[in-house]
Amino acid sequence: MAEYKQKLTTSATATITLASLANAAGRGSTAIDNSSTLALEADIMVKIKTASSGVSTSGYLDIYLIRSEDGSTYDDGFGGSDAAFTPVNATKIGSMMATAVSTTYIGVFNTAVAGMLPRKFCIGIVNNTGAALDGTAGNHAVTYTLKTLQS
């Protein structure tokens, strides 16, 4: 009987502008192409830094998987490029607390909660921290590692 193990791609950085993302606003990444790797799932790492004031003690961010079945039409009418995003039908893959000012938060989320990955997808983030995120682009990142199976 064959033994199957996960095979991980090299982590890559998604293109998404999170610097100064306003409270109650969302942003989606540029499309991630899965049409040749055919990964079943991915680990998504989100790193953000909160603002120097105004952060709520109950602040959080929601992380979404924005799917495209055909590679061009995405959930919620999203365009597949680094742009504003408002979740309606996209699948939330997790939330991360962000409750203190001038603090870096990191969370890792697995897309398996949303089922298998489509041929293209984007990552959406909605800021509910009570304040705009830190204004320095280098203080934020979204990376991903695609996962397949190998025998």
Side-chain angles (χ1 to χ4, degrees), residues 1-51 55 59-99 103-129 132-151:
M1 180 180 217
E3 179 180 282
Y4 292 95
K5 299 179 182 179
Q6 69 178 352
K7 181 179 178 183
L8 307 174
T9 63
T10 301
S11 292
T13 301
T15 301
I16 185 169
T17 304
L18 296 175
S20 301
L21 181 65
N23 182 56
R27 190 86 183 176
S29 73
T30 297
I32 298 164
D33 191 344
N34 186 35
S35 60
S36 61
T37 304
L38 303 175
L40 302 174
E41 62 186 70
D43 284 333
I44 309 296
M45 190 275 303
V46 176
K47 173 185 149 188
I48 62 97
K49 184 173 181 184
T50 54
V55 176
Y60 63 97
L61 290 100
D62 285 329
I63 318 307
Y64 290 87
L65 180 66
I66 308 167
R67 302 158 75 75
S68 174
E69 176 278 327
D70 64 3
S72 61
T73 305
Y74 292 84
D75 289 331
D76 304 335
F78 188 70
S81 61
D82 182 8
F85 163 68
T86 302
V88 177
N89 293 311
T91 304
K92 184 163 79 170
I93 60 172
S95 296
M96 59 191 282
M97 299 305 293
T99 59
T103 303
T104 299
Y105 291 91
I106 297 174
V108 178
F109 307 90
N110 187 280
T111 62
V113 299
M116 288 190 242
L117 288 174
R119 71 181 77 209
K120 287 188 180 179
F121 63 95
C122 305
I123 303 302
I125 301 194
V126 177
N127 175 15
N128 292 300
T129 62
L133 297 180
D134 180 85
T136 303
N139 289 334
H140 311 282
V142 174
T143 61
Y144 60 93
T145 302
L146 299 175
K147 297 173 148 186
T148 59
L149 293 177
Q150 67 181 359
S151 58

Measuring only between side-chain heavy atoms, which start at C-beta, is Val46 closer than 4.5 Å to Tyr105?
no

Any side-chain heavy atom of Glu69 within less than 4.5 Å of one from Arg119?
yes

Are the side chains of Val142 and Leu18 in contact, using a 4.5 Å heavy-atom criterion?
yes

What are the two closest heavy atoms between Ala132 and Ala51, and how far apart are they?
O-CB, 3.0 Å

Is the backbone of Lys120 close enough, under 3.5 Å, to the side chain of Ser68 for a donor and an acceptor to pair up by distance?
no

Non-hydrogen side-chain atoms of Asp76 and Ile66 separated by less than 4.5 Å
no

Closest contact, heavy atoms only, Asn23 versus Thr129
OD1-N, 3.2 Å

For Ala31 and Tyr74 the tightest heavy-atom approach is CB-OH, 3.1 Å

Hey, what do you get for CE (Met97) to CG (Asn128), rounding to the nearest 0.5 Å?
10.5 Å

Determine whether more than 12 heavy atoms belonging to other residues, nucleotides or ligands lie under 6.0 Å from atom CE of Met116.
no

Quick check against the 3.5 Å criterion: does Asp62 have a side-chain atom that pairs as donor or acceptor with the backbone of Ser95?
no

Inter-residue atom distance Thr91.OG1 - Arg67.CZ, 0.5 Å rounding:
6.0 Å

Stepwise, does the side chain to side chain contact (heavy atoms under 4.5 Å, CB included) test hold for Lys147 with Leu40?
CA-CA 6 Å; Lys147 297 173 148 186; Leu40 302 174; over 6 Å; no

For Cys122 against Gly80, the heavy-atom pair lying closest together:
SG-CA, 3.8 Å

Treating Ser29 as the side-chain partner and Ile123 as the backbone partner, does any N or O pair qualify as donor plus acceptor under 3.5 Å?
yes

Side chain proximity check, Asn139 to Leu133, heavy atoms < 4.5 angstrom
no

The reported gap from OG1 in Thr86 to OH in Tyr64 (rounded to nearest 0.5 angstrom) is 10.0 Å

One should read off an interatomic distance between Asn127 CG and Leu61 CG, to the nearest 0.5 angstrom, of 5.0 Å

Distance-minimising heavy-atom pair for Phe121 and Asn34
CE2-CB, 4.2 Å

Here the gap from Thr10 atom OG1 to Tyr144 atom OH, rounded to the nearest 0.5 Å, amounts to 10.5 Å

Any side-chain heavy atom of Phe85 within less than 4.5 Å of one from Arg27?
no

Quick one: does any side-chain atom of Asp82 pair with a main-chain N or O of Thr30 as donor and acceptor, under 3.5 Å?
no

Correct closest heavy-atom pair for Ile48 and Ala98 would be CD1-CB, 4.2 Å

Glu3 CD to Leu149 CG distance, which is reported to the nearest 0.5 Å:
12.0 Å

Would a distance-only check, ignoring hydrogens and angles, find a side-chain to backbone donor-acceptor pair under 3.5 Å from Thr111 to Ala42?
yes

Strictly distance-based, threshold 3.5 Å: is any side-chain N or O of His140 a donor or acceptor partner for the main-chain N or O of Ser20?
no

